[in-house]
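For the numbers below, each heavy atom of this structure counts, side chains included, while hydrogens, waters and symmetry mates do not. Counting from 1, the numbers follow the sequence of the chain as shown.
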Amino acid sequence: MELKLYVDRMSQPSRAILIFCKANGIEFEEVKILLAKRQHHSLNLQEVNPMKQVPAIVHGDFKLFESHAILIYLASAFPGVADHWYPADVRKRAKIHSVLDWHHSNLRRGAVGYIFNDSIAIALGLPLNRKAAAEGEKLLSASLAMIESYWLEGDGPFLLGNSEPSIADLALVCEITQLEVADENDRDRILGPHKRILKWIEDTKNATAPYFEEIHSIMSPVKEKLKELKVQASQQSA
């Protein structure tokens, strides 16, 4: 069955799914949905996801949206996927689900709240909101502390003390990597104190090489564009 991925590479969940498929040799057709151009309102996507969000997939006659659900499905539906991504052991799976549930209500809220209001909003023609960015950063920092003190506990270098990455590692690391589009000083201020997290990020990149860097190559030009827009906005308000 043909697999189609409806994604925007500027979307963290989209990048996680693209990396997962490439790292596991899953063939797919990438259907690009550019959120900045409001393509998520197209009938093409609405037929797959009535919520008008990416990522979404079509696998034969099966349609699915929500990134965690997609990662779980892909890890289960394709026999060539290594067990460490989504183990057959039901207790290990339950632990991964606990990380993923925590992710959406904590790390994701904080990261999106910060990076959108600090940087990305301006690319959509919206004003930056420093107060909202500060609130997002507070939750982001608390989430990073929790990852470091709890989720990375154990002998292995990955979440839950595992020796190899799971879909949870990929989802969370891609979330944190969204900070690449922020000002370098701000990124270093937020991530710098968390040496264990920085090592975990590098371990996850290495475990999915060369696909992690390939999919995230979009971040550098976007960062430069956001810098230009911020300068323009500053000059206009002066």
Side-chain angles (χ1 to χ4, degrees), residues 1-33 35 40 45 48-49 51 53-60 62-89 92-104 107-108 111-112 147 151-152 156-160 162-180 197 200-219:
M1 294 186 292
E2 183 182 21
L3 174 65
K4 292 185 178 181
L5 307 183
Y6 292 76
V7 294
D8 182 345
R9 292 194 179 202
M10 272 308 299
S11 151
Q12 167 274 322
S14 294
R15 293 195 300 274
I17 289 166
L18 287 166
I19 295 166
F20 181 83
C21 286
K22 284 178 172 286
N24 286 283
I26 299 173
E27 295 185 359
F28 61 89
E29 176 188 348
E30 181 178 351
V31 182
K32 295 181 179 180
I33 304 293
L35 300 179
H40 52 299
L45 179 63
V48 180
N49 183 2
M51 307 298 177
Q53 297 175 335
V54 293
I57 69 169
V58 175
H59 188 209
F62 180 65
K63 301 175 182 178
L64 185 65
F65 51 91
E66 292 297 334
S67 60
H68 292 167
I70 293 170
L71 286 169
I72 290 168
Y73 174 76
L74 294 173
S76 304
F78 290 85
V81 175
D83 184 72
H84 64 82
W85 287 109
Y86 189 58
D89 185 294
K92 291 181 179 179
R93 283 191 175 188
K95 288 287 190 178
I96 289 174
H97 279 267
S98 69
V99 178
L100 294 175
D101 288 350
W102 175 87
H103 169 213
H104 260 173
L107 178 65
R108 180 152 183 75
V112 170
I147 292 172
W151 295 118
L152 281 173
F158 298 102
L159 295 174
L160 304 170
N162 292 328
S163 59
E164 295 179 284
S166 72
I167 57 173
D169 291 276
L170 188 54
L172 271 64
V173 168
C174 284
E175 190 76 72
I176 296 170
T177 306
Q178 190 81 349
L179 292 174
E180 291 291 335
I197 285 179
W200 164 59
I201 291 172
E202 287 304 310
D203 289 338
T204 303
K205 288 181 180 181
N206 292 334
T208 54
Y211 309 111
F212 195 99
E213 296 293 353
E214 172 194 332
I215 298 300
H216 281 86
S217 63
I218 191 175
M219 305 297 279

Side-chain polar contacts of residues 13-28 - donor-acceptor pairs under 3.5 angstrom, sequence neighbours left out - could you list them?
{"from": "Ser14", "atom 1": "OG", "to": "Asp8", "atom 2": "N", "distance (Å)": "3.3"}
{"from": "Ser14", "atom 1": "OG", "to": "Asp8", "atom 2": "O", "distance (Å)": "3.4"}
{"from": "Ser14", "atom 1": "OG", "to": "Ser11", "atom 2": "OG", "distance (Å)": "3.0"}
{"from": "Arg15", "atom 1": "NE", "to": "His216", "atom 2": "NE2", "distance (Å)": "3.1"}
{"from": "Arg15", "atom 1": "NH1", "to": "Arg9", "atom 2": "O", "distance (Å)": "3.0"}
{"from": "Arg15", "atom 1": "NH1", "to": "Met10", "atom 2": "O", "distance (Å)": "3.3"}
{"from": "Arg15", "atom 1": "NH1", "to": "Gln178", "atom 2": "OE1", "distance (Å)": "3.3"}
{"from": "Arg15", "atom 1": "NH2", "to": "Gln178", "atom 2": "OE1", "distance (Å)": "2.5"}
{"from": "Lys22", "atom 1": "NZ", "to": "Glu214", "atom 2": "OE2", "distance (Å)": "3.2"}
{"from": "Asn24", "atom 1": "OD1", "to": "Trp85", "atom 2": "NE1", "distance (Å)": "3.3"}
{"from": "Asn24", "atom 1": "ND2", "to": "Phe20", "atom 2": "O", "distance (Å)": "2.9"}

Could you tell me the separation between the [atom1] atom of [X] and the [atom2] atom of [Y], rounded to the nearest 0.5 Å?
| X | Y | atom1 | atom2 | value |
| --- | --- | --- | --- | --- |
| Glu213 | Thr177 | CD | OG1 | 8.5 Å |
| Glu66 | Leu71 | CD | CG | 11.5 Å |
| His40 | Leu35 | NE2 | CG | 5.5 Å |
| Gln12 | Ser67 | CD | OG | 6.0 Å |
| Ile215 | Ser217 | CD1 | OG | 7.0 Å |
| Leu100 | Arg93 | CG | CZ | 12.0 Å |

Taking C-beta and beyond as the side chain, do [X] and [Y] meet within less than 4.5 Å on heavy atoms?
| X | Y | result |
| --- | --- | --- |
| Leu107 | Ile176 | yes |
| Val112 | Glu175 | yes |
| Leu172 | Trp102 | yes |
| Ile70 | Pro55 | yes |
| Leu159 | Leu152 | yes |
| Val54 | Leu45 | yes |
| Ile57 | Tyr6 | no |

Q.
Looking at every heavy atom in both Trp200 and Pro157, which two are closest together, and how far apart are they?
A. CD1-O, 3.6 Å
Q | Smallest separation among heavy atoms of His103 and Ala171, with atom names | A | CE1-O, 4.0 Å
Q: Keeping the roles fixed (side chain from His59, backbone from Leu3), state whether a donor-acceptor pair exists under 3.5 Å.
A: no
Q. Between Ser98 and Asp101, is any side-chain donor less than 3.5 angstrom from a side-chain acceptor?
A. no
Q. Got a sec, which residues hit salt bridge (Lys or Arg N to Asp or Glu O under 4.0 Å) with Glu202, two or more places apart in sequence or on another chain?
A. Lys205
(Q) Tell me every residue that passes ring-ring contact (aromatic ring centres under 6.0 Å, His included) with Tyr86, counting only those two or more places apart in sequence or in another chain. (A) His97
